[in-house]
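Let me begin by presenting the structure, written as structure tokens, before commenting on it.
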2 protein chains.
Amino acid sequence: MIERSIPLSDEDINLISSVVIVKRVQKKELLLRAGEVCRFKIFINHGFLRTYRLDDDGNEHILQFSNEQSWTTEGESYANILPSAYYIDALEDSELLMWTKDSFDQLLDTIPALRSFSEQLIFNNLHASRNRLYKAISSSPEEKYEDFVKTYRGILQRVPLRMIASYLGVSLKTLTRIRQAQLQK
Amino acid sequence: MIERSIPLSDEDINLISSVVIVKRVQKKELLLRAGEVCRFKIFINHGFLRTYRLDDDGNEHILQFSNEQSWTTEGESYANILPSAYYIDALEDSELLMWTKDSFDQLLDTIPALRSFSEQLIFNNLHASRNRLYKAISSSPEEKYEDFVKTYRGILQRVPLRMIASYLGVSLKTLTRIRQAQLQK
DNA sequence: GTAAAATAAGGACAAATGTCCTCTTTTGTG
DNA sequence: CACAAAAGAGGACATTTGTCCTTATTTTAC
């Protein structure tokens, strides 16, 4: 599964597998709490995760949805071994492959292909993040929603609408209004 | 100047300097146009740059202000040698140190300290970008403005207010209203 | 299987925000 | 120095968006 995206030798795969931690989590289970240090890199074998943050009033703001067959972690906490500002939890029952920072760093040193793959991921992340920021500051709620539907059609059916609203930074009300307006057409 | 932030030997510095391109640009001069490939990594010796993008209606949206003694480039275009979606121009007369991707990649291969410094920059960028996204989707215009003032007090005096508005993703009108309201206090 | 919780639509209203305009001041240019 | 351009404040108004409700439906949990 991971192999699909990286060109790795059998030997490399064995190495990587030798330090993996397989974890099954239930829907709603928390993987990371704000204040804790994020100790793992996570690959989602199947299932669905989300990264969110609480503001001063206790409102959730979703930064990221993480599909199966993708990677996630709270990078700032993970890299600097600092308390995380974000939560990560499961939106569906999930099966995860996890590596501690220590073992993953060692893998990076041993397997050049993994390192360059990993760097590529960082870049993709950075560019996606910048693009999303652009949309956040330049688009109307309607454009944001349409863009979301276009980009993540699959997710729309998997999560409650209020989470889409949270992800887009608009109220549930505006989102239902937009959807109603689009039904009229 | 660059040296200050990286532990480099004299030899390394010579290497890095040997392939640098020093460029002086005037206020308003464009360094990168949308559609062009961003061919350089840029270190701003002194001066002030900005990265922005035009939407379909021709409105500017500022993604980044770049201070003196900091780095900038349009990463997505630079890394993948693709047409940029963004513009970069000078908000003040500036002196820039620039490296082509070819020569910079070579430096990265030769100087491990530069590579790790460079990776650190990427991470900082990623985390800053994510943080800004969080504020973009979670804060009111007033909170955004206050946060901006707190974080970039210096910039406030250097750029027109409408650019701050553009950076924050709000209209100039809301920004002047917020500022008026704060004067009342 | 049933009660409780979550979801989301919709109404009513208030508040926030944007657009368009004018006017004054400041800045930049020749 | 003089003229043009840019900046930004402010008014008037319309639109958008949010908050607080209620209600119907679906999902979850015991």
Side-chain angles (χ1 to χ4, degrees), chain A residues 25-30 47-48 50 52 55-62 65 89-94 135-146 148-149 155-185, chain B residues 25-29 47-48 50 52 55-62 65 89-94 135-149 155-185:
Chain A
V25 291
Q26 286 193 323
K27 187 169 174 172
K28 294 197 179 171
E29 201 170 326
L30 274 166
F48 200 48
R50 125 242 230 208
Y52 67 97
D55 66 22
D56 297 340
D57 301 328
N59 302 112
E60 288 176 11
H61 300 279
I62 299 177
F65 293 116
D89 70 357
L91 295 181
E92 301 175 357
D93 295 352
S94 306
K135 278 167 204 152
I137 65 172
S138 71
S139 307
S140 67
E142 181 163 13
E143 290 166 329
K144 287 176 197 175
Y145 175 67
E146 281 170 358
F148 183 90
V149 172
I155 297 185
L156 199 57
Q157 273 95 42
R158 286 169 87 174
V159 309
L161 211 54
R162 63 173 186 82
M163 291 197 188
I164 312 277
S166 166
Y167 180 91
L168 296 178
V170 302
S171 71
L172 174 60
K173 181 81 201 194
T174 14
L175 209 49
T176 64
R177 277 199 267 242
I178 289 166
R179 286 159 57 89
Q180 272 322 97
Q182 298 198 338
L183 285 180
Q184 307 302 318
K185 298 188 202 169
Chain B
V25 291
Q26 287 194 323
K27 189 170 172 171
K28 294 196 179 173
E29 201 170 326
F48 201 49
R50 125 241 230 209
Y52 66 98
D55 66 22
D56 299 339
D57 300 328
N59 302 112
E60 288 177 12
H61 300 279
I62 299 177
F65 293 115
D89 69 359
L91 294 181
E92 301 174 358
D93 296 352
S94 306
K135 279 167 202 151
I137 66 171
S138 71
S139 306
S140 68
E142 181 162 12
E143 290 167 330
K144 287 175 198 176
Y145 174 68
E146 281 172 358
D147 194 78
F148 183 90
V149 172
I155 296 185
L156 198 58
Q157 273 96 41
R158 286 168 87 174
V159 309
L161 212 55
R162 61 174 186 81
M163 291 195 189
I164 312 276
S166 165
Y167 179 91
L168 297 179
V170 303
S171 72
L172 175 59
K173 181 80 203 193
T174 15
L175 209 49
T176 63
R177 277 199 269 240
I178 288 166
R179 286 159 57 89
Q180 272 321 98
Q182 298 198 339
L183 285 181
Q184 305 304 318
K185 300 188 203 168

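Sequence lines set the chain letters: A, B, ... in the order given, protein chains first and strands last, and positions in each chain run from 1. All values below come from the heavy atoms of this structure, side chains included, with hydrogens, waters and symmetry mates left out.
Nearest nucleotide to the side chain of A/Q180, out of D/dA7, C/dG18, C/dA9: C/dA9. Checked against C/dG18, D/dG8, D/dG18, the side chain of B/R177 finds its nearest nucleotide in C/dG18. Distances were taken from every side-chain heavy atom of A/V170 (C-beta onward) to each of D/dG8, D/dG18, C/dA8; the shortest belongs to D/dG18. Here C/dT19 is the nucleotide among C/dA9, D/dG8, C/dT19 with the atom lying nearest to any side-chain atom of B/K173.
Here CG of B/L175 is found 6.0 Å from OH of B/Y145. Values are rounded to the nearest 0.5 Å.
Between the P atom of C/dG18 and the CD1 atom of B/I178 lies a distance of 9 Å, rounded to the nearest Å. Whole-Å rounding puts the B/E60 CD to D/dA7 P distance at 10 Å. Going from atom CZ of A/R162 over to atom P of D/dG18 covers 16 Å, rounded to whole Å. If you take CG of A/N59 and P of D/dG18, they are 12 Å apart, rounded to a whole angstrom. A straight line from CG of B/L172 to P of C/dC20 spans 14 Å, rounded to a whole angstrom. Per the geometry, CG belonging to B/L175 stands 8 Å off P belonging to D/dA9, to the nearest Å. Atom-to-atom, CG of A/L161 to P of D/dT25 comes out at 18 Å; the value is rounded to the nearest Å. For B/L91 and D/dA7, the CG to P distance is 11 Å, given to the nearest whole Å.
Using a 4.0 Å cut-off between charged nitrogen and carboxylate oxygen, B/K28 and B/D89 do not count as a salt-bridge pair.
Without hydrogens or angle criteria, B/Q182 side chain to B/R179 main chain gives no donor-acceptor distance under 3.5 Å.
Using cut-offs of 30° and 60° for the angle between ring planes, the B/F148 and B/Y167 rings count as perpendicular.
Applying the 4.0 Å criterion to OP1 and OP2 of C/dT17, one finds that B/T174 has every side-chain N and O outside that range.
Nearer to the 5' terminus of DNA chain C, by closest-nucleotide assignment, is the contact made by A/T176 (compared with the other of B/S171 and A/T176).
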I'd like to know whether A/L91 forms a side chain to side chain contact (heavy atoms under 4.5 Å, CB included) with A/R158, so could you lay out the CA-CA distance, the side-chain angles of the two residues, the decisive distance to 0.1 Å, and finally the verdict. CA-CA 9 Å; A/L91 295 181; A/R158 286 169 87 174; over 6 Å; no

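Within 4.0 Å (heavy atoms only), B/K27 reaches sugar-phosphate atoms of the nucleic acid but no base atom.
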